[in-house]
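Written below as structure tokens is the structure these notes are about.
Numbers here simply count residues along the sequence, with the first being 1.
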Amino acid sequence: WGPPEEAKKSSSAATAPDDDGAGVLPCPLCPPSGIASARGGEGGLESAQRLDEKKNLTTTATAERAPRAPARKQQPVDGEHIVPSNAHKQQTASAGSKKAKAKEAKERRKRELRLLKQVTLYGLANEYEDLADQLADSLSTRGYAFADFVTGDAVQLLREQITGLQSHYEKGEIWVGKQADLGAQISVSSVRGDRICWVNAPTIDHHGFTALRELLRAVDRLVFSELATRVDRLKNLDDRSDAMLAVYPGSGARFAKHVDNTARDGRRLTVLCYLNRGWGPEDGGALRVHPTQEGGDYTGFEAEDIAPTVGRIAMFYADQMPHEVLPAYAERHAFTVWCYDRTERAQALANERAEARTDSESVATGNRAQHDAEAQAFLKELLTENLTPAQLQARVGRLSPEALNLAAAVTGAPDSEAFVEASGKLDGAGLSKL
């Protein structure tokens with residue numbers, strides 16, 4: 001805020017910054033031009049007349065009052081102490097508390113800065129290159145790779161910083177369907193037992209999640225600057241998803257075998273970082289990869305279990321690598337990002353926009369949301385209720401034509417008639433496989 005005289009120079013255009021770097025604007029608390037503030041800039045306001053009256057009263061009172069000798073400091077009598085007032089005690093305690101808090105905050109910042117310098121074990125450029133060579137070779141020959149990447153102290157700091165997000169975690173869902181625009185998100189704890197929380201860059205900055213921010217920067221450097229120049233399948237990488245924090249609560253929580261990207265949604269590389277200090281074999285929860293099954297030419301390699309130990313980074317092809325999380329018997333923490341192939345992602349987004357237009361048009365002719373919910377409920381029942389063939393046939397018979405079309409598309413049947421016919425021929429073994 002500036003004095004009124006300065007504000008008069010320009011009331012509509014932007015003003016030049018003052019000594020503090022702020023624009024000069026008329027202060028709503030300042031008196032009219034020509035009247036000084038009564039308290040020297042501390043915000044008190046009095047009119048010129050009040051100031052004159054105050055000056056006269058003060059002069060008169062001073063003349064009538066006899067001069068006094070300056071007060072002498074009281075000295076304690078032998079054996080006595082001057083006891084400070086309660087107000088003085090509270091002020092002293094408050095000042096001490098503020099100093100302690102300031103010191104604690106300073107020490108915390110120093111500790112954070114020290115740990116952030118240790119976010120990765122590969123801080124130098126040549127060490128990044130050495131790690132990238134190792135991971136690139138494994139990705140090219142096996143379709144997956146892993147290495148120790150983050151210090152335990154940095155992981156501990158990250159865990160401390162994100163503690164307040166626990167109430168925002170939600171049950172993880174699975175996508176049932178082979179296309180990005182035909183399928184259903186379903187929560188099935190027997191298939192997927194984790195709880196997840198998505199965090200984007202503004203959230204990370206707003207809450208001061210410095211360790212997570214620095215770690216994501218390290219992952220970005222490793223993937224986009226190093227691996228993308230070494231691995232053919234990663235040369236078209238363009239962007240990545242927000243970070244997904246995940247926790248398996250123990251008690252045998254798991255994630256059944258699956259492939260992340262079966263719908264060609266653009267995800268090319270899955271990257272995970274594990275945040276579990278003191279993890280042992282008895283805690284289970286290993287990531288099991290199956291390089292010999294489905295997609296890719298990774299022959300001659302058996303399934304491998306990757307323990308989710310503190311600071312370990314793991315990655316695999318999101319569109320090729322079958323994997324699972326074995327039952328965890330302790331809280332298992334990690335975060336995941338997915339890196340996108342530019343061409344496939346652009347096509348997926350174009351398809352999504354076309355689907356959105358179709359949905360808008362269908363609102364006028366029918367209740368698409370209701371049909372989606374009906375098909376979703378059927379698919380969840382199919383996955384979780386251990387239906388007999390007779391129960392399945394009866395359940396299919398109760399579906400509306402619209403929900404039946406969706407269920408057929410999700411399961412890969414050519415049309416609803418083929419889906420009804422196939423469901424009627426399933427025996428117990430076939431239904432279990434489905």
Take E104 and K101 through the test salt bridge (Lys or Arg N to Asp or Glu O under 4.0 Å) and record every step on the way to the result.
CA-CA 5 Å; E104 181 182 348; K101 289 181 179 179; over 6 Å; no
Does the side chain of H323 come under 3.5 Å of the side chain of H290 through a donor N or O and an acceptor N or O?
no
From the options F316, Y317, Y144, select the one residue that forms a side chain to side chain contact (heavy atoms under 4.5 Å, CB included) with T270.
F316
Flag side-chain contact, heavy atom, 4.5 Å: L349 against R345:
yes
When rounded to the nearest 0.5 Å, the distance separating CH2 of W198 from CE of M244 is 5.5 Å
Note, Y274 side chain near T309 side chain (heavy atom, < 4.5 Å)
no
Side chains of E129 and R230, heavy atoms from C-beta outward: is any pair under 4.5 Å?
yes
Can you tell if the side chain of Q161 reaches within under 4.5 Å of the side chain of T210, non-hydrogen atoms only?
yes
So do F149 and L131 actually touch side chain to side chain, heavy atoms under 4.5 Å?
yes
Going by an N to O cut-off under 4.0 Å, is there a salt bridge joining R264 and D319?
no
For E170, does the CD atom sit with more than 12 other heavy atoms under 6.0 Å from it, leaving out its own atoms?
no
Please name the residue in the list V271, L234, V337, V219 that meets the side chain to side chain contact (heavy atoms under 4.5 Å, CB included) test with M315.
V271
For L287 and A314, which heavy atoms make the closest approach, and how far apart are they?
CD2-CB, 4.2 Å
Judged by atom type as modelled, is there a donor-acceptor pair below 3.5 Å linking the side chain of R142 to the main-chain atoms of F301?
no
Evaluate the side-chain proximity of R268 to Y340: yes if any heavy-atom separation is below 4.5 Å, no if none is.
no
Interatomic spacing from CZ in F378 to CG in L387 - rounded to 0.5 Å:
7.5 Å
With distance as the sole test, does R159 use its side chain to make a donor-acceptor pair with the main-chain N or O of L275 at under 3.5 Å?
yes
Salt-bridge test for R240 and D220: reply yes if a basic N is under 4.0 Å from a carboxylate O, no otherwise.
yes
Atom CG in L237, atom SG in C339: separation rounded to 0.5 Å?
6.0 Å
How long is the gap from OG on S140 to CG on L135, to the nearest 0.5 Å?
10.5 Å
CG on L269 to CD on Q320, rounded to 0.5 Å
11.0 Å
Using only heavy-atom distances, determine whether the side chains of N351 and Q347 contain a donor-acceptor pair under 3.5 Å.
yes
Taking the side chain as C-beta and beyond, is there a heavy-atom pair between L222 and I313 under 4.5 Å?
yes
May I have the step-by-step check of side-chain contact (heavy atoms from CB on, under 4.5 Å) for N261 and E344, ending in yes or no?
CA-CA 11 Å; N261 177 15; E344 186 178 297; 3.0 Å; yes
What's the separation between atom CZ in R312 and atom CG in L272, rounded to the nearest 0.5 Å?
12.5 Å
With heavy-atom distances below 4.5 Å as the criterion, would you say the side chains of L216 and I204 are in contact?
yes
